[in-house]
Amino acid sequence: MPDPEYKIHIAPDDDQVEVTLRAPNGDKWEYGIPFNRDSGRFAFEDVKVVELDFGSEFAERMVSDIRRAIETAIAGGH
């Protein structure tokens, strides 16, 4: 089974990451993940569900991409 696809977007004027996850069967999930602009910390509690549904490697890759998007937003002042 192919991995699901996901898009990561930093919400404008809000310290929140928007993640849209689409499974190969067409199911879709949307997450709003708040983050702290000063520390870069974020809490994505549903990552355990993503890991159970799609595997730990996929979940780790997605969290890494979320972290990278946050770091980019903080560095760019967005």
State whether the side chain of S64 and the backbone N or O of E60 hold a donor-acceptor pair below 3.5 Å, judged by distance alone.
no
Would you say the side chain of F44 lies within less than 4.5 Å of the side chain of V19, judging by non-hydrogen atoms?
no
Do I74 and F35 have side-chain heavy atoms sitting under 4.5 Å apart?
yes
Does the side chain of F58 come within less than 4.5 Å of Y6's, by heavy atoms?
yes
Could you check V17, D15, V47 and say which one makes a side-chain contact (heavy atoms from CB on, under 4.5 Å) with I33?
V17
Reported CD-to-CE distance for the pair E57 and M62, which is rounded to 0.5 angstrom
13.5 Å
P4 to P24 - nearest heavy-atom pair and separation:
CA-CD, 3.9 Å
Over all atoms of both residues, closest heavy-atom pair of I10 and D14
CG2-O, 4.4 Å
Carefully, step by step, assess W29 and V49 under the rule side-chain contact (heavy atoms from CB on, under 4.5 Å).
CA-CA 11 Å; W29 295 267; V49 175; over 6 Å; no
Given I66, I70, L21, T20, the one that forms side-chain contact (heavy atoms from CB on, under 4.5 Å) with I8:
I66
Taking atom CG of D27 as the centre, report whether more than 12 heavy atoms of other residues, nucleotides or ligands fall under 6.0 Å from it.
yes
Counting only heavy atoms not in R41 (residues, nucleotides, ligands), do more than 12 fall under 6.0 Å from its CZ?
no
What distance do D65 atom CG and T72 atom OG1 have between them, rounded to the nearest 0.5 Å?
10.5 Å
For the pair E5 and K7, find out whether any cationic side-chain nitrogen is under 4.0 Å from an anionic carboxylate oxygen.
no
